[in-house]
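Because the structure is predicted, anything quoted here is derived from the model rather than measured. Letters go in sequence order (proteins before strands), and every chain restarts at 1.
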Amino acid sequence: MLRKMQQTVRVRFAPSPTGELHIGGVRTALFNWLFARNNNGQFILRVDDTDKQRSSEIYLQSILNSFRWLNLDWDEGPEVGGSYGPYRQSERLNFYLEEVERLLEQGKAYTCFCTAEELEADREKCRSLGQPPRYSGRCRNLTPDDISAKKKKGFSYVIRAITPESGETVVDDLIRGKVFFENKVFDDPIIIKSDGLPTYNFASVVDDHKMKITHVIRAEEHLSNTPRQQIIALQLGYELPSYAHVPMILAPDHSKLSKRHGATSVQEYRDLGILPEALLNYLALLGWSPGHDREIMSMAEMIELFSLERVSKNPAVYDMQKLIWLNGHYLRNASTVRITEMAIPFLLKESIISEEQVSQEKEKIEAVVGLVKEKVKTLSEIAEASVYFFHDDFVYDQAGVEKHFKKDGAAQMLIQIEEALQKASAFSAEELEKTFADLSKKTQIPLNKINPATRLAVTGRLMGPDLFPLLALLGREKVLARIKKARALFCLD
RNA sequence: GGCCCCUUCGUCUAAUCGGUUAGGACACCAGCCUUUCAAGCUGGCAGCAGGGGUUCGAAUCCCCUAGGGGUCACCA
């Protein structure tokens, strides 16, 4: 504990820009971030873009946007810089080559000319013998003359690091304890590819060291990679960071989360109308708990309570319903002004309002959102529930029409409602509530007939926000016009 | 298949060194509230994967079995 305090905690999240940031990545990033903030340490973003083919700037920008949207800030990394940069692996080639040169000189790595076909043949042979596929070590003992001759002929080559053939490597994991691996199951890993770029296992080790990373917190899928990285680190003479492998997030069918399971990227959740704080709170609960019955937590509370010791070992199945529930909670408790800002893009996208209205009718939009947000769970539902405040040409619920309009006396009732509303002294929620109560008393028609009929006439629906504030917001003119229209459209007499 | 990890309600999880009527949350069901639907409140349903040990006592420690997941690339 004391030793931990002496050294500033430095953690990193190292996405490769080959796709959108997905929720598994966010959860890993979040745990890193919480751990850093809890320890007054630094959270570093590093771009693992050594796969030239698949990496793209578009994805990097999208990932950074997702981080910004989630409000997860990084102390060092792209755009903010830092004293251990550059933070893109594609710009750190000189570091890797320097280290490879050293390994080569020390005889801890060697040049390998084996072709893909040769390697495949080797693997095939191993398989047929019932053994695990393993590199034969054919090029380990090439002489310097062999090597320069082959290079001169233009053969392509890679650099491999030498792995001990016996003994074992122990990964001391903060979450799982000591995990033992026999060295004989590993072959000599490629550290520099034939395109001259480092492989993940090498670049990652070099960067973690050069960036003074103290804790490597990553998904469990990397656990079996860790001994290979430790072996490389050993060859390089590095001191090892602490490791913590967090459990994976699984789809409801217990398989690995993928596109076919629906939304997987942060961007998709954003488009669905999920709030960033809800997503983070939910993700924090997947594989971690503060220990007591606490579930809804602000970022400040999560920072305060987070510890790796309380991260669980077993994979967590992802449950959309609980996320939605949490989102509803945050939606209701957030300020109307903020939710309105966030809902506007959804209203625009569904053509419920125009750009012009955004600038000219902000107050009305806020009033609508304020009324409607109590009943919904996502921002896109806000849009859906707001339609009739801005459009007169909505469709009427068919079952509702049968039940409330196509009955004897329905027209009479609507007329009476109209008259009462016309005479109402003020068109406020309180006044309207009184108006309806009086009407019910006078006509002997119960409120549970008057109210739904009014709602149906005015909104086309049977459900929605409280009726009286709804009517008040719509205004006398629109309400009366809509009741007239419904009467003309549906009533028998 | 080899190696590695994991196993508490349907799902996420709690239960400090072994002693709890195994707790909470989502979902589901019922009731209350109510002008609707939600929300909220109250209550209910539901779990220690199986089998052996160790122990006065095991969800908790050990072993085995089963199941799930990961990994074995010139992807990260």
Side-chain angles (χ1 to χ4, degrees), chain A residues 14-19 48-51 53-55 89 112 114-116 119 123 126-127 130-134 156-160 171 173 175-176 179-182 184-187 189-201 203-204 218-228 245 247-248 250 252 254-256 282 285-296 310 312-326 328-329 332 374-377 385 400 433 436-437 440 446-456 459 461-468:
Chain A
S16 82
T18 55
D48 277 18
D49 57 353
T50 54
D51 184 341
Q53 260 76 46
R54 297 196 302 147
S55 297
Q89 292 188 326
C112 171
C114 293
T115 61
L119 294 173
R123 275 194 283 265
C126 286
R127 267 194 289 268
Q131 286 167 351
R134 197 165 183 280
S156 81
Y157 61 94
V158 300
I159 310 291
R160 288 179 187 269
V171 176
D173 191 278
I175 294 169
R176 278 148 222 283
V179 184
F180 299 83
F181 296 87
E182 285 195 88
K184 68 175 184 209
V185 305
F186 304 119
D187 43 16
I190 292 175
I191 56 177
I192 299 287
K193 300 180 275 191
S194 56
D195 63 4
L197 295 177
T199 55
Y200 162 74
N201 275 330
S204 184
R218 55 174 33 156
E220 199 207 316
E221 55 186 314
H222 291 284
L223 182 55
S224 9
N225 255 322
T226 304
R228 293 168 224 277
H245 289 91
M248 312 246 322
L250 266 30
H254 288 82
S255 68
K256 204 169 168 176
Y282 176 69
L285 258 19
L286 247 37
W288 174 75
S289 90
H292 22 269
D293 292 340
R294 213 45 201 297
E295 294 220 306
I296 292 172
R310 296 208 59 87
S312 78
K313 299 177 208 239
N314 42 323
V317 172
Y318 179 76
D319 178 22
M320 189 76 174
Q321 275 184 312
K322 189 154 180 176
L323 202 214
I324 299 282
W325 167 79
L326 257 177
H329 170 87
R332 282 189 299 279
E374 301 302 318
K375 306 280 173 178
V376 300
K377 294 199 165 78
E433 188 162 6
F436 274 62
S440 172
L447 281 172
N448 64 14
K449 280 213 163 69
I450 297 177
N451 289 341
T454 307
R455 177 187 298 280
L456 184 64
T459 71
R461 307 180 191 197
L462 293 173
M463 318 175 301
D466 288 343
L467 182 62
F468 307 114

Residue of the set A:Val179, A:Ile175, A:Thr226 for which side chain to side chain contact (heavy atoms under 4.5 Å, CB included) holds with A:His245:
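For A:His245, the side chain to side chain contact (heavy atoms under 4.5 Å, CB included) check succeeds only for A:Thr226.
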Presence of A:Thr50 side-chain N/O under 4.0 Å of B:A76 phosphate oxygens OP1/OP2:
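Answer is yes, contact under 4.0 Å.
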OP1 or OP2 of B:G68 less than 4.0 angstrom from a side-chain nitrogen or oxygen of A:Lys256, does that happen here?
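So the side chain of A:Lys256 is outside the cut-off, no N or O lying under 4.0 Å from OP1 or OP2 of B:G68.
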Just name whichever nucleotide pairs with B:G2, Watson-Crick or G-U, keeping both distances under 3.5 Å, else none.
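Pair assignment: B:G2 / B:U71.
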CD1/A:Ile190 to CD1/A:Ile159 distance, rounded to the nearest 0.5 angstrom?
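So the gap between those two atoms works out to 10.0 Å.
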Using a 4.0 Å heavy-atom cut-off, does [X] contact any base of the nucleic acid, only the sugar-phosphate backbone, or nothing at all?
X	result
A:His222	base
A:Arg228	sugar-phosphate
A:Cys114	base

Give the rounded distance in Å between these two atoms: [atom1] of [X] and [atom2] of [N].
X	N	atom1	atom2	value
A:Arg54	B:A73	CZ	P	16 Å
A:Asp49	B:C75	CG	C1'	13 Å
A:Met248	B:A76	CE	P	18 Å
A:Phe186	B:A73	CZ	P	12 Å
A:Ile296	B:G24	CD1	P	16 Å
A:Leu323	B:A27	CG	P	12 Å
A:Leu119	B:C74	CG	P	7 Å
A:Glu221	B:A73	CD	P	15 Å

Between A:Ser16 and A:Arg54, is any side-chain donor less than 3.5 angstrom from a side-chain acceptor?
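No pair is found: no donor N or O on one side chain lies under 3.5 Å from an acceptor on the other.
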A:Arg455 versus A:Asp466, closest heavy-atom pair with distance
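Distance-wise, the nearest heavy atoms are NH2-C, 4.1 Å.
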Taking every non-hydrogen atom, the tightest pair across A:Pro247 and A:Arg176:
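So the two residues come closest at N-NH2, 3.6 Å.
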Check step by step if side-chain contact (heavy atoms from CB on, under 4.5 Å) holds for A:Asp319 and A:Tyr282.
CA-CA 9 Å; A:Asp319 178 22; A:Tyr282 176 69; 3.6 Å; yes
Each nucleotide in nucleotides 3-13 of chain B should get exactly one letter: B, S or -. Can you fill that in based on protein heavy atoms under 4.0 Å?
-SSSSS--SBS
Go along nucleotides 33-47 of chain B 5' to 3' and tag each nucleotide: B for a protein heavy atom under 4.0 Å from its base, S when only backbone or sugar atoms are that close, - otherwise.
--BBBBS--------
A:Lys449 NZ: over 12 foreign heavy atoms closer than 6.0 Å
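12 or below, so no.
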Considering residues, nucleotides and ligands other than A:Tyr157, do more than 12 of their heavy atoms fall under 6.0 Å from its OH?
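For A:Tyr157, atom OH is not crowded (no more than 12 foreign heavy atoms under 6.0 Å).
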Which label fits B:C17, syn or anti, where anti is any glycosidic angle not within 90° of 0?
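Nucleotide B:C17 adopts syn.
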Donor-acceptor under 3.5 Å (A:Arg332 side chain, A:Glu374 main chain)
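Not a single qualifying donor-acceptor pair exists.
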A:Phe468 and A:Phe436 aromatic ring geometry - parallel, tilted or perpendicular at 30°/60° bounds:
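A:Phe436 vs A:Phe468 ring planes: perpendicular.
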